[in-house]
Amino acid sequence: MEFWENSTVIHSLQRSLREWYQAQGRDLPWRSTTNPYHIWVSEVMLQQTQVSTVIPYYYRWLNQFPDIPTLAESSLDLILKLWEGLGYYARARNLHRAAQQVASEYQGIFPQELEKVLTLPGIGRTTAGGILSAAFNQPVSILDGNVKRVLARLVSLEQPPQKAIKQLWVISDTLLDKKHPREYNQGLMDLGATICTPSQPACLLCPWSEFCQALQYNLQTKIPMREPSSPLPHKEIGVAVIWNDQGEILIDRRPEEGLLGGLWEFPGGKIEANETIAACIQREIEEELGIKIEVGEHLITINHAYTHFRVTLNVYHCQYLQGEPQPLESQELRWVKPEQLSEFPFPKANTKIIEVIVG
DNA sequence: AAAACGTGGCT
DNA sequence: TAGCCAAGTTT
């Protein structure tokens with residue numbers, strides 16, 4: 001039997017975490033409510049995203065979409081505009097779809113059954129546990145990045161967490177304080193975020209230090225272990241800011257699915273081997289929009305890193321020549337004046353382009 | 001099962 | 001500076 005399966009140890013871990021949380025837990029906007037919709041929004045925004053980034057988005061979102069029916073009836077355009085800059089835009093699309101599902105299937109009332117919650121798009125096991133424990137104090141465990149790190153250190157996990165997900169869920173389930181699930185889950189996440197941090201954990205202040213196997217072996221900075229990562233591929237992109245004679249710019253709305261789905265952008269594409277930037281831009285614009293342009297002055301060059309590749313955006317002013325623009329590889333096209341650009345949700349990599357255009 | 005999916009902050 | 005990491009889910 002592992003030490004963390006001993007009921008005396010479990011109770012001691014639960015009690016010490018709860019006392020620590022009551023004294024040292026963070027005061028966060030979504031902790032002053034049990035409104036499941038508010039907590040749901042916070043949980044989704046917090047996926048792979050840090051608290052300080054989320055807070056302003058959380059307030060703006062609830063101000064714009066105060067309840068589930070309002071969100072369900074909103075346009076995706078407005079939703080994406082509110083989400084602009086937060087990243088992982090599928091979260092916003094899923095929140096919209098899930099709100100429509102709650103509206104139609106549950107009369108707009110967020111369900112309290114785990115099986116029902118898990119059918120909502122964008123809500124997986126951890127988010128479901130986070131919502132049900134925080135909103136309804138239900139004993140449902142979680143396994144987010146904080147919890148993985150804390151538990152990996154507690155048991156001195158000998159392999160990268162990715163390789164031991166099933167085991168970590170068992171530990172998380174076993175240690176969950178079934179009498180105080182809300183405080184336990186929130187406390188465990190706070191412990192990971194403020195004490196058991198990725199680098200330089202504050203073990204001297206940790207309520208679990210006397211049980212922590214990593215600390216006992218002085219491995220707290222080696223655990224969690226990680227696998228070596230492969231270098232990110234790099235893409236050179238040609239981007240066109242196409243002007244017509246009315247002083248308008250042609251922008252397109254990306255396909256609904258995939259990278260930056262539903263966001264607007266300046267058209268362009270990947271530079272092929274042995275292709276000049278100007279030739280690339282001309283070719284891409286003909287392929288994607290079916291029009292002829294003339295490539296003019298260089299506007300700006302932008303380097304940007306996504307999760308799984310990096311890009312260099314080579315942006316050029318272009319002049320529209322002939323043909324009727326068609327959305328051959330996008331959802332929609334618009335000619336817009338520079339001052340209208342701010343009305344559309346753009347990816348972060350494009351904000352510098354807009355700044356330079358608008359001045 | 002592994003890859004796709006954004007961005008900002010920290011080291 | 002380049003890489004790592006963050007309240008993960010979906011396909």
Would you list the atom pairs, donor with acceptor, under 3.5 Å between side chains in residues 348-359 of chain A and any protein atom, with sequence neighbours excluded?
residue  : atom : partner  : partner atom : Å
A/Thr351 : OG1  : A/Lys348 : O            : 2.9

Pairs flagged by ring-ring contact (aromatic ring centres under 6.0 Å, His included) wherever residues 339-359 of chain A is involved - sequence neighbours left out
A/Trp264-A/Phe344, A/Phe266-A/Phe346

Residues touching DNA chain C, which here means a heavy atom under 4.0 Å, drawn from residues 60-72 of chain A
none

What salt bridge (charged side-chain N to carboxylate O under 4.0 Å, His left out) pairs are there with at least one residue in residues 225-250 of chain A, not counting sequence neighbours?
A/Lys163-A/Glu227

Interface residues of residues 154-170 of chain A with DNA chain C (non-hydrogen, below 4.0 angstrom)
none

Could you tell me whether A/Gly145 contacts a base, only the sugar-phosphate backbone, or nothing, with contacts defined as non-hydrogen atoms closer than 4.0 Å?
sugar-phosphate

Select base, sugar-phosphate, or nothing to describe what A/Ile142 touches, counting heavy atoms under 4.0 Å on all strands.
nothing

Mind checking side chain to side chain donor-acceptor pair (under 3.5 Å) for A/Glu256 and listing every partner two or more places apart, or none if nothing turns up?
A/Gln331

Can you list everything that forms a side-chain contact (heavy atoms from CB on, under 4.5 Å) with A/Asp177? Sequence neighbours excluded, please.
A/Gln14, A/Arg18, A/Lys179, A/His180, A/Tyr184

Under a criterion of less than 4.0 angstrom to any heavy atom of chain A, what are the 5'-terminal and 3'-terminal contacting nucleotides of DNA chain C?
C/dG3 to C/dT10

A/Trp83 and A/Leu263: CA distance, side-chain angles, deciding distance, side-chain contact (heavy atoms from CB on, under 4.5 Å) verdict
CA-CA 10 Å; A/Trp83 202 271; A/Leu263 297 198; over 6 Å; no

Which ones in residues 225-236 of chain A lie close to DNA chain B, meaning a heavy atom under 4.0 Å from one of its atoms?
none

Is A/Tyr57 reaching over with its side chain to a backbone N or O of A/Glu84, donor-acceptor style, under 3.5 angstrom?
yes

Heavy atoms under 4.0 Å, any strand shown: does A/Trp30 hit a base, just sugar-phosphate, or nothing?
base

Judged by modelled atom types alone, do A/Asn94 and A/Arg97 share a side-chain donor-acceptor pair under 3.5 Å?
yes

Qualifying ring-ring contact (aromatic ring centres under 6.0 Å, His included) pairs, either residue in residues 123-143 of chain A, two or more places apart:
none

Taking the six-membered ring for Trp and the full ring for Phe, Tyr or His, determine whether the centres of A/Tyr306 and A/His308 are under 6.0 Å apart.
no

At under 4.0 Å between heavy atoms, which parts of nucleotides 4-11 of chain B does protein reach? Answer with one letter per nucleotide, 5' to 3': B base, S sugar-phosphate only, - none.
SBBBS---

Check ion pair A/Arg253-A/Glu265 (N to O, under 4.0 angstrom):
no

Co-members of A/Tyr316 in a cluster of I, L, V, M, F, W and Y side chains, linked at under 4.5 Å:
A/Ile242, A/Leu250, A/Ile271, A/Ile277, A/Ile281, A/Ile285, A/Leu289, A/Ile291, A/Ile293, A/Val295, A/Tyr320, A/Leu333, A/Trp335

